[in-house]
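Naming convention: chains lettered A, B, ... in sequence-line order (proteins, then strands); numbering from 1 in each chain.
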Protein chains: 2
Amino acid sequence: MTATHHRSTDGPLTYRRAGVDISAANALVGRLRALAAATHGQQVRPYGDAYAGLYALEAPPGALLAATCDGVGTKLLLGQLLHRYRGLGQDLVAMNVNDLLPCGARPLFFLDYLAAGRLDGEALGELVAGMAAACRTISCALLGGETAEMPGVYGGDGLDMAGFAVGFTTEERLPRRQAMAPGDLVLGLRSTGVHANGLSLARRAVERAGLALADTPPGLAEPLGQALLTPTALYVNDVLSAFERCDGGSLLRAAAHVTGGGLLGRARGLLSDGQRLRIVLDPAAWPRPPIFDVLQSAGQIAESEMARTFNMGLGFLLVATPAGAERLLAMPDTPWLGVGKVIAGAPGVDLGYTRSDERS
Amino acid sequence: MTATHHRSTDGPLTYRRAGVDISAANALVGRLRALAAATHGQQVRPYGDAYAGLYALEAPPGALLAATCDGVGTKLLLGQLLHRYRGLGQDLVAMNVNDLLPCGARPLFFLDYLAAGRLDGEALGELVAGMAAACRTISCALLGGETAEMPGVYGGDGLDMAGFAVGFTTEERLPRRQAMAPGDLVLGLRSTGVHANGLSLARRAVERAGLALADTPPGLAEPLGQALLTPTALYVNDVLSAFERCDGGSLLRAAAHVTGGGLLGRARGLLSDGQRLRIVLDPAAWPRPPIFDVLQSAGQIAESEMARTFNMGLGFLLVATPAGAERLLAMPDTPWLGVGKVIAGAPGVDLGYTRSDERS
């Protein structure tokens with residue numbers, strides 16, 4: 001716990017006078033810890049005045065730990081502007097745990113780093129409550145975190161956060177990318193909107209068009225700010241079910257969390273180097289969330305630029321063998337959509353008239 | 001990889017025009033990745049366009065994963081002021097991996113989050129080079145990280161970083177705190193200076209006394225700024241050796257990384273709730289680094305306030321049975337110092353004339 005808060009003073013210096021109010025910070029940290037404790041299953045091991053969170057593990061041979069680190073980028077600024085923090089807590093968890101899924105890893109635990117110019121108990125409480133709720137949804141322990149008050153680093157209202165997640169997988173569960181072949185199918189899970197990527201472009205487009213975040217532009221069912229802040233979907237349960245349904249991943253060939261690089265970039269990343277394979281996506285196969293039309297029109301953004309920046313409505317992609325795809329699409333109330341296929345050809349992606357190999 | 005950089009523009013918006021120069025950011029990230037790759041042992045598993053770092057594990061029953069998250073607080077500001085970044089990389093690793101040691105955990109891997117107003121390749125390169133060197137010293141993989149350029153969050157030269165470490169331990173290795181008894185001995189490892197705690201108080205004291213960071217006050221062998229920036233010691237190898245020498249920890253009773261709360265607070269934390277035990281430390285038993293005299297005199301800081309803020313020369317504490325202590329002190333070239341003992345009495349710490357139970 002690092003906590004600093006500068007004030008001017010005379011007389012002998014104490015740590016409190018130098019700006020560090022340990023008892024106020026401790027009270028806040030106590031509240032945040034209680035939120036985290038509600039996410040602890042029996043694998044989280046209490047141990048005295050622990051310096052580290054402890055998580056019990058029973059690992060078979062071939063066990064692999066998967067670890068990710070990510071923030072939410074400038075989506076944070078939008079949340080601050082609108083004083084909406086709880087959803088950002090889910091964004092932070094989702095951006096990390098969704099990145100564990102392409103290798104079939106089940107999230108074990110999550111830790112957060114919160115740093116601010118001053119500790120705003122209400123905002124931080126909302127953030128951690130959002131993280132804890134997201135962690136409970138996916139049976140992941142919020143194992144620890146660091147709350148740092150650093151006015152010299154962050155301005156008065158400055159705030160940043162980072163997340164770290166660790167998951168468990170095995171060699172056997174890793175999708176067999178090298179076995180991908182023409183005829184394999186691409187399945188997708190819908191996104192809830194922009195998630196936490198492309199927000200700089202989105203904000204710039206909105207500013208440029210003179211739109212207000214409180215406006216509800218034609219096509220949107222809610223104000224623009226609220227639409228942009230919709231929390232990133234948690235794909236853990238759906239993707240882990242897909243691994244089970246596909247014999248522990250043996251019928252899967254590749255997977256992607258659609259983040260930086262957008263749908264086009266991440267679809268391209270499904271292909272391994274040296275494979276003469278091409279991904280063909282059918283844009284009519286999934287609904288395009290209206291927020292993307294609003295942003296495209298506001299910023300006069302080219303379709304190809306949209307697809308290289310935003311998820312365009314698909315937040316997670318899976319390449320499965322025909323047998324695997326059949327099983328997933330036959331699941332009752334399946335969330336999976338058949339969105340494309342793998343063909344022989346020059347490495348790249350076709351997305352309607354937008355092609356990834358247009359990029360120089 | 002989140003990377004944003006705002007510029008004004010006309011014409012159709014592209015992500016680059018909205019401020020995101022992906023190729024420049026990718027070049028930097030490539031350099032940082034090469035530094036990290038030099039720390040990868042055979043347990044780090046390459047896997048395609050990986051979203052998560054993968055670390056192979058062979059775990060016995062009773063296995064526990066330990067995880068920490070920490071930053072370096074306002075030591076960062078001092079490093080920026082003096083354009084010295086490499087040592088801060090070691091600080092970040094040390095603040096995290098040293099926190100794994102009280103439960104006997106061997107660090108497996110480390111991840112970093114670097115966020116800045118603009119990506120200064122030289123500074124970030126130095127930071128990650130410092131992290132990579134520290135990781136190599138302790139055989140820990142620098143498994144991944146996130147580099148975020150967020151000018152809306154951080155000012156032009158604004159910068160923050162957070163670290164995250166995961167270690168491996170077992171139920172059997174956890175020091176048996178409940179078995180601590182009068183006659184047990186307290187051993188310590190020397191610190192290299194203030195490490196990364198109390199820097200806000202230190203900076204305030206220096207300002208107040210009108211000292212310049214380039215000055216070399218009496219008693220110091222180097223300029224003040226350099227002394228304050230001395231990297232945090234890495235205790236991994238010494239502490240893990242102590243666990244081995246003490247039969248996998250069975251002769252150890254408690255351990256502490258001396259950070260926030262200072263020597264007094266962390267010594268107090270060695271005691272479990274409800275134990276009628278008292279820690280008596282002998283300040284003559286270890287050298288007091290001269291930086292502490294300089295800071296105390298500059299800020300007219302009371303001795304008790306010093307001991308509740310700074311490590312006072314001891315960066316790591318271990319409580320061992322008499323038999324365990326004997327083994328550690330008999331090691332050839334032992335780094336361990338006998339610094340105190342456990343006695344029966346009201347829970348608290350005696351440190352010369354400074355007592356932890358003075359605190360209301």
(message) For Asp160(B) and Tyr113(A), which I'm curious about, is there any donor-acceptor pair between the side chains at under 3.5 Å?
(response)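 Per modelled atom types, Asp160(B) and Tyr113(A) side chains form a pair under 3.5 Å.
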Less than 4.5 Å to any heavy atom of chain A: does that hold for the side chain of [X], its backbone, both, or neither?
{"X": "Leu159(B)", "answer": "backbone"}
{"X": "Met95(B)", "answer": "neither"}
{"X": "Val153(B)", "answer": "both"}
{"X": "Thr169(B)", "answer": "side chain"}
{"X": "Ala256(B)", "answer": "both"}
{"X": "Asp112(B)", "answer": "backbone"}
{"X": "Leu111(B)", "answer": "both"}

(request) Apply side-chain hydrogen bond (donor to acceptor under 3.5 Å, both in side chains) to Glu171(A) and list each qualifying residue two or more places apart in sequence or on a separate chain. (result) Arg45(B)
So how far is it from [X] [atom1] to [Y] [atom2], rounded to the nearest 0.5 Å?
{"X": "Leu65(A)", "Y": "Phe168(B)", "atom1": "CG", "atom2": "CZ", "value": "9.5 Å"}
{"X": "Phe164(A)", "Y": "Thr68(B)", "atom1": "CZ", "atom2": "OG1", "value": "9.0 Å"}
{"X": "Thr74(B)", "Y": "Met150(A)", "atom1": "OG1", "atom2": "CE", "value": "8.0 Å"}

(message) Is Leu143(A) in contact with chain B via its backbone, its side chain, both, or neither, using a 4.5 Å heavy-atom distance?
(response)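 Side chain of Leu143(A) only, per the 4.5 Å heavy-atom cut-off to chain B.
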(message) How close do Gly152(B) and Leu77(A) get, counting heavy atoms only, and between which atoms?
(response)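 Between these two residues, the closest heavy atoms are O-CD2, 3.5 Å.
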(request) Give a yes or no on whether the ring-centroid distance for Tyr154(A) and Tyr154(B) is below 6.0 angstrom. (result) yes
(message) Counting heavy-atom pairs under 4.5 Å with chain A, which one of Gly62(B), Ala298(B), Ser272(B), Gly163(B) comes out on top?
(response) Gly163(B)
